[in-house]
Protein chains: 2
Amino acid sequence: MSEVEPRAEVEPRTEAGDVLTEVIMRTFRLYGGFLEAAEVMTKPVGLTAAWWQVLGAVLREPLPVSGIAREMSLTRQSVQRIADLLVEKGLAEYLPNPAHKRAKLFRPTAAGYQAVSSLAQAQHAFTNRISAQVDVDDLRTTLKVMERLVKALDADEWPPQDT
Amino acid sequence: MSEVEPRAEVEPRTEAGDVLTEVIMRTFRLYGGFLEAAEVMTKPVGLTAAWWQVLGAVLREPLPVSGIAREMSLTRQSVQRIADLLVEKGLAEYLPNPAHKRAKLFRPTAAGYQAVSSLAQAQHAFTNRISAQVDVDDLRTTLKVMERLVKALDADEWPPQDT
DNA sequence: CAACACTTGACAGTGTGCTGTCAAAATGAC
DNA sequence: GTCATTTTGACAGCACACTGTCAAGTGTTG
């Protein structure tokens, strides 16, 4: 066929690539929609989506702030701010950490547990309601594809070609 | 069957609901991943993901800031800030609007067009690369499901039951 | 034309996440 | 035990999107 032209090489847009572009746009819309739904759910309980997430990370066992950040791949600083707010609102508390003098353990209070468990209710109602409107097998396929995509993205540190 | 117990009614967690919960978590991860990819792509061009989005909205025809905001369901204020920055960087400009004295028309400059078109290249390379790692039919199914979910979310303004 | 409602840009403030820097505490190597 | 490295919390600053308020401009209606 024709020779390679290394400079003017125009990327040819595959069909799969076009579908993925559409998927990406839906991902953004869904992200917004799910976030909004989370805010609707959390409002009556007096939380925000972010607080819910942080509180949810320490339901099973207390963790230092930096540990929470690591577990959900956020920065210490973001989690710290929210954790302080949660303590201020009485939904969580800091415990002395026998293993580390600075890194106090973070844990929900009774009020915190109660808020989260009532949110779990709302969340199940929500996911049941929405998922009832799609084919379950297709939904499983979707989950499988999304897992593949997450993996592909993680592996795609955009290796600068052949270096 | 058993009578209705309107108060203590515990939501029973359907299987589809559980799958959707997983899908939601992947949605958040993918959102983060795609956003990061966009930032990697835009950095060499001197843009950010948000700037790209705003610039992309006026490729075909100039629009006032409020029109852009409306088209991409953002607030006027967010778009205004970015539009001002883009003008400051010489990537876009304001034109007098014959139809409205205050609402100037926003449009990319030649430099802006060039930046966006080079980004289109990078974006195609990216989507081709990633989409090659999943089954195309499954990807189409995913798109279909996501469209259904977007629709379901939009319709789910959480109508307070029967009011 | 006058009075009204709506749109628009400007300005101020909030929430969420990020990066960067610093010092104290903990850890690991020697 | 000592010293360099890493982890951690605290503090400061930035990007992005939001809400709310105000005045100027536009349009609609009587």
Side-chain angles (χ1 to χ4, degrees), chain A residues 28-29 31-40 42-43 46-57 62-89 92-106, chain B residues 28-29 31-40 42-43 46-58 62-89 91-106:
Chain A
F28 279 68
R29 298 238 7 211
Y31 171 81
F34 288 142
L35 205 63
E36 190 191 334
E39 271 151 19
V40 169
T42 49
K43 187 162 294 172
L47 296 180
T48 73
W51 299 10
W52 183 9
Q53 199 186 5
V54 169
L55 218 43
L63 286 173
V65 163
S66 53
I68 302 171
R70 212 165 17 239
E71 190 170 275
M72 37 206 271
S73 34
L74 288 180
T75 55
R76 288 172 296 129
Q77 291 85 336
S78 309
V79 177
Q80 186 74 55
R81 188 180 58 82
I82 293 172
D84 288 344
L85 285 171
L86 286 170
V87 169
E88 190 185 318
K89 306 284 178 189
E93 59 191 347
Y94 287 120
L95 305 177
N97 185 348
H100 197 301
K101 198 179 291 181
R102 300 195 74 188
K104 291 162 289 180
L105 289 173
F106 182 75
Chain B
F28 278 67
R29 298 241 2 215
Y31 171 81
F34 288 141
L35 205 62
E36 190 191 334
E39 271 151 17
V40 169
T42 50
K43 187 163 298 170
L47 295 180
T48 72
W51 298 11
W52 183 10
Q53 200 187 3
V54 169
L55 220 43
V58 284
L63 286 173
V65 163
S66 55
I68 302 170
R70 215 169 10 243
E71 191 171 273
M72 36 205 270
S73 35
L74 287 180
T75 56
R76 287 173 296 131
Q77 291 85 339
S78 308
V79 177
Q80 186 75 57
R81 187 182 58 83
I82 293 170
D84 288 344
L85 286 172
L86 286 169
V87 169
E88 190 185 320
K89 306 286 177 189
L91 293 163
E93 58 191 347
Y94 287 120
L95 305 177
N97 185 348
H100 197 302
K101 197 177 293 182
R102 301 195 73 188
K104 292 161 288 180
L105 290 173
F106 182 76

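No experiment lies behind these values; they were computed from the predicted model shown. Sequence lines set the chain letters: A, B, ... in the order given, protein chains first and strands last, and positions in each chain run from 1.
- For the contact set between residues 48-57 of chain B and DNA chain C, defined by any heavy atom under 4.0 Å, there are no members.
- A straight line from OH of A:Y31 to P of C:dT16 spans 12 Å, rounded to a whole angstrom.
- In the region residues 66-78 of chain A, proximity to DNA chain C at under 4.0 angstrom, judged on heavy atoms, holds for A:L74, A:T75, A:Q77, A:S78.
- When atom types are taken as modelled, the side chain of B:S78 and the backbone of B:L74 share no donor-acceptor pair closer than 3.5 angstrom.
- Within the 4.5 Å cutoff, the side chain of A:L105 has no heavy atoms near those of the A:H100 side chain.
- Between the CZ atom of B:F28 and the P atom of C:dG17 there is a distance of 11 Å, rounded to whole Å.
- Tested against B:V65, the residues B:I82, B:V58, B:V79 include a single side-chain contact (heavy atoms from CB on, under 4.5 Å) partner, B:V79.
- Rounded to an integer number of Å, the gap from B:L105 CG to C:dG9 C1' is 14 Å.
- At whole-Å resolution of the value, CG in B:D84 and C1' in D:dA17 are 15 Å apart.
- B:L47 has its side chain within reach of B:L91: a pair of non-hydrogen atoms, C-beta onward, lies under 4.5 Å apart.
- The distance from atom CG of A:L85 to atom C1' of D:dA10 is 15 Å, rounded to the nearest whole Å.
- If you take CG of B:N97 and C1' of C:dG9, they are 13 Å apart, rounded to a whole angstrom.
- Taking CD of A:Q80 as the reference point, atom CD1 of A:I68 lies at 9.0 Å (rounded to 0.5 Å).
- Here the C1' atom of nucleotide C:dG15 and the NZ atom of A:K43 are 13 Å apart, to the nearest Å.
- Rounded to the nearest 0.5 angstrom, B:T48 OG1 and B:L55 CG are separated by 10.0 Å.
- Annotation: the span from A:E39 atom CD to A:W52 atom CH2 amounts to 11.0 Å, rounded to 0.5 Å.
- Note that the CZ atom of B:F106 and the CG atom of B:L86 stand 4.5 Å from one another [nearest 0.5 Å].
- When the P atom of C:dG17 is taken as reference, atom CD of B:E36 falls 16 Å away, rounded to whole Å.
- Comparing A:I82 and B:P64 by the nucleotide of DNA chain C whose heavy atom lies nearest to each, the residue mapping closer to the 5' end is B:P64.
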Atom pairs, N/O to N/O, protein against nucleotides 24-27 of chain C, distance under 3.5 Å?
residue : atom : partner : partner atom : Å
C:dA24  : N3   : A:R102  : NH1          : 2.8
C:dA26  : OP1  : A:K101  : N            : 2.4

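- A distance-only check finds a donor-acceptor pair linking the side chain of B:N97 to the backbone of B:A103 [under 3.5 Å].
- Here the side chains of B:T42 and B:W51 are not in contact, with every heavy-atom distance at 4.5 Å or above.
- Between A:D84 atom CG and A:K89 atom NZ the span is 12.5 Å, to the nearest 0.5 Å.
- Mapping A:R81 and B:Y94 onto DNA chain C by nearest heavy atom places B:Y94 at the nucleotide closer to the 5' end.
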